[in-house]
Amino acid sequence: FNAIFQLLLICLIAIVLVKRQIVSNQHVQALSAVTVNVFLPCLIVAKTLKQFHPDSFPNWWILPLAGVLIMVIGLLFSGLLFKMRQKKRPLMTLASMQNVIYIILPIGQVLFAEEFDKFALYCFLLLLGSVPVMWSLGKVMISGDKDSRIYFKDFITPPFSAMMIAVIMVFTNVSTFVPDSVIASMDLLGQATVPVAIFILGATIGSLSFKNIPSIKDIVVVNIVKYGLVPVTVSAILYFGKLYISMPLLCSVLVIQSASPPATNLILIVKHYGGDTESTSSMMVIQYLICLIAMPLWIAAWQTVTGN
C-alpha cells in the first residue's frame with residue numbers, strides 16, 4: 001500500500017501542476033518523447049547488462065516465459081469477455097499487461113528484504129519477456145487508429161530495440177567490453193523513467209475532461225480480469241503444481257506480478273504513438289486505486305495458504 005501510495009502522490013502533484021497551467025500539454029508530450037526514446041531504453045540496457053548473467057542462472061529462460069504467460073492469460077480472458085472486438089483492444093491491453101518493475105520492487109524491499117537481490121533479479125528477468133511484448137504487440141493494440149492497417153515497423157520501438165540489443169550484447173559477451181562508467185551513466189538516465197512515467201500519467205489525468213471515460217461494464221470486465229481471473233489462474237498453477245515448495249520466492253514474485261496494476265509505460269505509448277488518452281488514463285486511475293486493496297489482499301492470501 002505504501003509503495004503504491006508514493007507513486008500516487010507523484011501523480012497528484014502532476015495533476016495540480018496541470019490544473020494550475022504550470023505544465024502544458026506540450027511539456028507532457030516532450031517528456032513522453034524523451035522518456036520513450038532516451039530514459040526507458042537507457043534503463044533497459046543498463047539493468048540488463050548489470051543484472052543478466054545467464055551462466056549463474058541456468059534456468060533463467062523460465063522467467064521471461066512466465067512474464068509472457070501472465071500477459072497471455074490476461075489477453076485470453078479479456079479477449080473472451082470482450083468477444084475479441086477490435087474496438088476493445090486497448091481495454092484488453094490494460095487488463096493483461098502488468099507493471100513488472102515500478103510497483104513490484106518497493107514491495108519486494110519490504111516483504112523480502114533478506115532476499116531482495118534475488119527478488120530484483122527475478123523481476124528483471126521477467127522484464128526480458130514482458131518488454132518486447134508490451135512495446136510491440138501492446139503498442140499496436142493500445143495506440144493509433146483502430147481501423148488502420150498494421151505494418152511490421154509498428155512493432156519496432158526504441159524500448160523493444162533496446163531490449164533486443166542488450167540481450168544480444170550479453171550472449172555475445174560484447175557487454176564485457178562496455179566500460180562501467182558508460183553503464184552507470186545510462187543507469188543514471190534510466191532512473192528518471194519511473195517518476196517521469198508516473199508524472200506523465202498524472203499530467204494526462206489533469207488534462208482530462210472526463211467526457212470519454214469507459215463504461216461501467218468495461219470497468220468491471222477489465223478489473224475482474226486484472227485482479228480476479230489472472231491472479232487466480234497463476235496462483236492455481238503454482239499451488240497445484242507444488243512449485244511453491246521448491247521455489248517459494250519465485251512463486252511469490254509471480255503471484256505479486258499477476259496481481260499488479262497495468263504498466264505505467266502504457267500511458268507513455270498512448271501519449272507518444274497516439275490513442276484514446278482520456279479512456280486509457282481514466283481506466284488506469286481506477287485500476288491503480290483498486291490495486292491499493294487488491295494487491296495486499298492477494299499477497300496476504302498467498303502467504304497464508306502456502307506459509308511463504
Side-chain angles (χ1 to χ4, degrees), residues 62-100 103-104 126 129-150 154-155 212-241 243 251 253-267 269-270 273 275-276 278-291 293-295 297-299 301-302:
I62 295 174
L63 274 300
L65 287 180
V68 174
L69 179 60
I70 292 173
M71 290 184 172
V72 169
I73 291 171
L75 285 171
L76 288 175
F77 279 125
S78 58
L80 288 172
L81 292 176
F82 283 125
K83 300 178 181 179
M84 300 301 292
R85 283 174 287 179
Q86 190 178 38
K87 66 178 182 179
K88 300 296 184 181
R89 290 188 314 196
L91 295 175
M92 292 167 59
T93 309
L94 290 168
S96 60
M97 300 196 175
Q98 76 274 16
N99 192 312
V100 180
I103 296 290
I104 308 303
L126 283 163
S130 62
V131 164
V133 174
M134 185 187 310
W135 284 91
S136 55
L137 178 62
K139 178 254 184 180
V140 169
M141 290 181 65
I142 202 170
S143 68
D145 185 354
K146 300 179 181 64
D147 298 320
S148 62
R149 290 186 60 186
I150 298 173
D154 294 327
F155 292 90
N212 190 28
I213 62 174
S215 66
I216 296 298
K217 181 180 178 181
D218 287 343
I219 291 172
V220 170
V221 170
V222 167
N223 286 288
I224 284 177
V225 173
K226 193 77 202 68
Y227 299 116
L229 296 176
V230 174
V232 162
T233 303
V234 172
S235 299
I237 292 171
L238 298 175
Y239 183 79
F240 291 108
L243 298 176
C251 289
V253 170
L254 293 177
V255 170
I256 294 171
Q257 291 279 347
S258 69
S260 70
T264 51
N265 283 332
L266 293 174
I267 194 63
I269 294 173
V270 174
Y273 294 104
D276 191 339
E278 288 210 1
S279 179
T280 301
S281 300
S282 54
M283 180 65 83
M284 287 185 72
V285 171
I286 294 168
Q287 289 178 278
Y288 271 80
L289 290 174
I290 292 175
C291 86
I293 304 301
M295 284 192 75
L297 284 177
W298 272 111
I299 295 168
W302 177 255

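This chain uses plain numbering: 1 for the first residue, then up along the sequence. Atom set for the values below is all heavy atoms of this structure, side chains included, hydrogens, waters and symmetry mates excluded.
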Please assess V270 against D276 for the test side chain to side chain contact (heavy atoms under 4.5 Å, CB included), listing each intermediate value before the final yes or no. CA-CA 7 Å; V270 174; D276 191 339; over 6 Å; no
What's the separation between atom CD1 in I267 and atom CE in M283, rounded to the nearest 0.5 Å? 12.5 Å
Is there a side-chain contact between P261 and M295, using heavy atoms and a 4.5 Å cut-off? yes
Under the criterion side chain to side chain contact (heavy atoms under 4.5 Å, CB included), I'd like the reasoning laid out for F82 against V222: C-alpha separation, chi angles, the key distance, then a yes or no. CA-CA 9 Å; F82 283 125; V222 167; 3.9 Å; yes
Determine the minimum heavy-atom distance between V133 and M97, stating which atoms define it. CG1-CE, 3.9 Å
Taking atom CG of L243 and atom CG of L254, what is their separation to the nearest 0.5 Å? 9.0 Å
Residues at least two apart in sequence or cross-chain that pass side chain to side chain donor-acceptor pair (under 3.5 Å) with D218, listed by chain then number, are K88, S215
On a heavy-atom basis, which atom in A259 and which in Y227 lie closest, and how many Å separate them? O-CE2, 3.4 Å
Atom CG in L91, atom CZ in R85: separation rounded to 0.5 Å? 9.5 Å
Hey, what do you get for CG (L94) to CD1 (I142), rounding to the nearest 0.5 Å? 4.5 Å
Between side-chain atoms of residues 231-241 and protein atoms elsewhere (two or more places apart, or another chain), which donor-acceptor pairs fall under 3.5 Å?
from, atom 1, to, atom 2, distance (Å)
T233, OG1, L229, O, 2.7
S235, OG, P231, O, 2.8

Does the side chain of W298 reach to within under 4.5 Å of the side chain of S258, using non-hydrogen atoms? no
Do I299 and V255 make a side-chain contact, defined as non-hydrogen atoms from C-beta onward lying under 4.5 Å apart? no
Testing the basics here: between S130 and V100, what is the closest heavy-atom pair and its distance to 0.1 Å? OG-CG2, 3.3 Å
Looking at N99, is its backbone amide N or carbonyl O close enough to the side chain of S260 to form a donor-acceptor pair, meaning the two atoms are under 3.5 Å apart? yes
Which pairs would a plain distance check flag for residues 62-79, meaning a side-chain donor or acceptor within less than 3.5 Å of a matching protein atom at least two apart in sequence or in another chain?
from, atom 1, to, atom 2, distance (Å)
S78, OG, G74, O, 2.7
S78, OG, L75, O, 3.3

What are the two closest non-hydrogen atoms of M134 and L266, and how far apart are they? CG-CD2, 4.0 Å
What are the two closest heavy atoms between I219 and P214, and how far apart are they? CD1-O, 3.8 Å
Can you measure from CD (Q287) to NZ (K226) and round to the nearest 0.5 angstrom? 7.5 Å
Decide yes or no for L126 and V253: does some side-chain heavy atom of the first lie under 4.5 Å from some side-chain heavy atom of the second? yes
